[in-house]
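Here the structure is a predicted model, which is why all the values come from computation and not from measurement. The first residue in the sequence is number 1, and the count goes up from there.
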Amino acid sequence: MAQTACEEKSNEITAIPEALKLVNCKGAIITIDAMGCQKAIANQIVEQGGDYVLALKGNHEKLHHAVKEYVDAQLDDDFKSIPARRHMTEETGHGREERRIYVQMPLPKEIVSQHEWTGLKTIGVAMLTTVKNKKTTSDVRYFISSLTMGVKEFARSVRGHWAIENSCHWILDMVFREDESRIRQEWIRESFAWLNKFTLSLLKQHPAKQSIAMKRRRCAWNEDFLWEVLTNSVA
């Protein structure tokens with residue numbers, strides 16, 4: 001929908017506010033990795049009429065520690081002493097079993113610096129357990145959010161965010177080979193990044209049940225298939 005190139009010797013923190021200006025945030029839920037968990041960014045999202053779900057890690061050490069400590073304390077009685085909401089999903093595929101447990105709870109008064117985060121209303125935790133080849137791994141992630149209580153909406157937001165990594169970023173790296181690009185001129189790099197995302201969107205919209213890599217090959221082999229992808233029409 002929009003993209004902004006990071007300036008040289010800079011990072012995503014400066015690019016995210018510029019990218020947000022290019023999209024209509026009204027009524028939308030904006031999800032961002034821990035690097036984008038910034039007070040100014042949260043404030044901008046709310047001012048533009050949106051809500052945020054921001055991943056929380058050590059870049060906000062006190063807040064991260066306070067949220068983690070609070071959640072850990074509630075685990076002692078399985079969240080029965082607070083008005084928490086829980087949602088669980090189980091999936092099997094690609095040789096692995098996955099269980100995801102999402103817990104959302106109102107922002108506790110004892111959380112430090114809460115008044116500095118515009119619109120902050122809830123905190124949440126996502127717990128993932130994966131079993132593959134009889135080996136079990138687990139991951140726990142913490143979030144702050146301007147969403148009101150509604151755990152299924154929180155779960156969809158978190159899951160949708162990480163789906164982007166698999167359905168967009170990973171494909172751009174592995175299929176389109178963006179990380180191997182030798183383009184050095186900044187404006188050309190930015191243009192090709194936009195073209196790759198636009199192409200990926202067109203390929204995803206075509207109903208053929210094939211991988212993105214195979215659809216790309218078919219576009220090169222068959223002009224009729226290429227036309228179907230470009231015009232979003234199937235004979």
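- To the nearest 0.5 Å, atom CG of residue D76 and atom CD of residue Q74 are 8.0 Å apart.
- Counting only distance, with no hydrogens or angles, the side chain of R177 and the backbone of M174 share a donor-acceptor pair below 3.5 Å.
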### Task
Any chance you could lay out the side-chain contact (heavy atoms from CB on, under 4.5 Å) test for V53 and V158, step after step, and finish with the verdict?
CA-CA 8 Å; V53 176; V158 172; 4.3 Å; yes
### Query
Would V175 and R216 count as a side-chain contact (heavy atoms from CB on, under 4.5 Å) if you check the C-alpha gap in whole Å, the side-chain angles of each, and the deciding distance to 0.1 Å?
CA-CA 9 Å; V175 178; R216 290 185 75 201; 3.8 Å; yes
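- In this structure, V103 and V151 have side chains that are not in contact, with every pair of non-hydrogen atoms separated by 4.5 Å or more.
- Side-chain N/O atoms of E153 and S157 include no donor and acceptor closer than 3.5 Å.
- Not counting sequence neighbours, the partners of E91 by the salt bridge (charged side-chain N to carboxylate O under 4.0 Å, His left out) test are R159.
- In this structure, Q104 contributes its side chain and G150 its backbone to a donor-acceptor pair below 3.5 Å.
- Connection of M88 to M127 is established within a shared hydrophobic cluster, with ILVMFWY side chains joined at heavy-atom distances below 4.5 Å, either directly or through further cluster members.
- The shortest non-hydrogen separation linking L56 to H64 is O-CD2, 3.3 Å.
- Criterion: ILVMFWY side-chain heavy atoms under 4.5 Å apart, direct or through other members. Under it, V131 and I101 are not part of a common hydrophobic cluster.
- Nearest heavy atom pair, residue Q48 against residue C25, reads NE2-SG, 3.3 Å.
- Under the 6.0 Å cut-off for aromatic ring centres, F154 and H87 do not qualify, their centroids lying 6.0 Å or more apart.
- The backbone N or O of K197 lies less than 3.5 Å from no partner atom in the side chain of S201, so there is not a single donor-acceptor pair.
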### Message
Using the rule given for salt bridge (charged side-chain N to carboxylate O under 4.0 Å, His left out), can you reason through D72 versus K68, listing the C-alpha separation, both sets of side-chain angles and the distance that settles it, and then say yes or no?
### Response
CA-CA 6 Å; D72 289 347; K68 183 178 183 300; 3.1 Å; yes
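- Across all their heavy atoms, P17 and Q44 have their closest contact at O-NE2, 3.0 Å.
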### I212/K204 under side-chain contact (heavy atoms from CB on, under 4.5 Å): CA gap, chis, key distance, verdict
CA-CA 7 Å; I212 296 298; K204 282 184 175 182; 4.0 Å; yes
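- F79 and V67 fall within the same hydrophobic cluster, where Ile, Leu, Val, Met, Phe, Trp and Tyr residues are linked whenever their side-chain heavy atoms come under 4.5 Å apart, directly or through other members.
- Expressed to the nearest 0.5 Å, how far SG of C37 lies from NE2 of H60 amounts to 4.5 Å.
- Summarising the geometry of Q210 relative to K215, their closest heavy-atom pair is O-CE, 3.7 Å, with the distance given to 0.1 Å.
- Between L107 and S145 the shortest side-chain heavy-atom distance does not fall below 4.5 Å.
- What you find for V46 and Y52 is that their closest heavy atoms are CG2-CE2, 3.7 Å.
- A pairwise comparison of heavy atoms in Q205 and N232 identifies OE1-ND2, 3.6 Å as the closest pair.
- In this structure, I45 CD1 and S146 OG are separated by 7.5 Å, a value rounded to the nearest 0.5 Å.
- Interatomic distance, D51 CG to K26 NZ, rounded to the nearest 0.5 Å: 13.0 Å.
- Under the 4.5 Å side-chain heavy-atom criterion for Ile, Leu, Val, Met, Phe, Trp and Tyr, I111 and M149 are members of distinct hydrophobic clusters.
- Under 4.0 Å is where a charged nitrogen must lie from a carboxylate oxygen, and between D78 and R86 at least one such pair does.
- Looking at I16 and L20, their side chains come closer than 4.5 Å, going by heavy atoms from C-beta outward.
- L226 CG to W221 CH2: the interatomic distance, rounded to the nearest 0.5 Å, is 13.5 Å.
- Once rounded to the nearest 0.5 Å, the distance linking CD1 of I123 with CZ of F143 reads 12.0 Å.
- The closest side-chain heavy-atom distance from L128 to R100 is below 4.5 Å.
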### Chi angles and distances behind the side-chain contact (heavy atoms from CB on, under 4.5 Å) call for N43, W117
CA-CA 7 Å; N43 181 68; W117 294 86; over 6 Å; no
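- Using a 4.5 Å cut-off between side-chain heavy atoms of Ile, Leu, Val, Met, Phe, Trp and Tyr, with links allowed through other members, M214 and F176 fall into different hydrophobic clusters.
- Remark: the backbone N or O of L147 is paired with a side-chain donor or acceptor of T122 at under 3.5 angstrom.
- Contact check for L230 versus F225: no side-chain heavy atoms found under the 4.5 Å cut-off.
- For the pair M105 and Y70, the minimum side-chain heavy-atom distance is below 4.5 Å.
- Side-chain contact check for E97 and T130: no donor-acceptor pair (N or O, by modelled atom type) lies under 3.5 Å.
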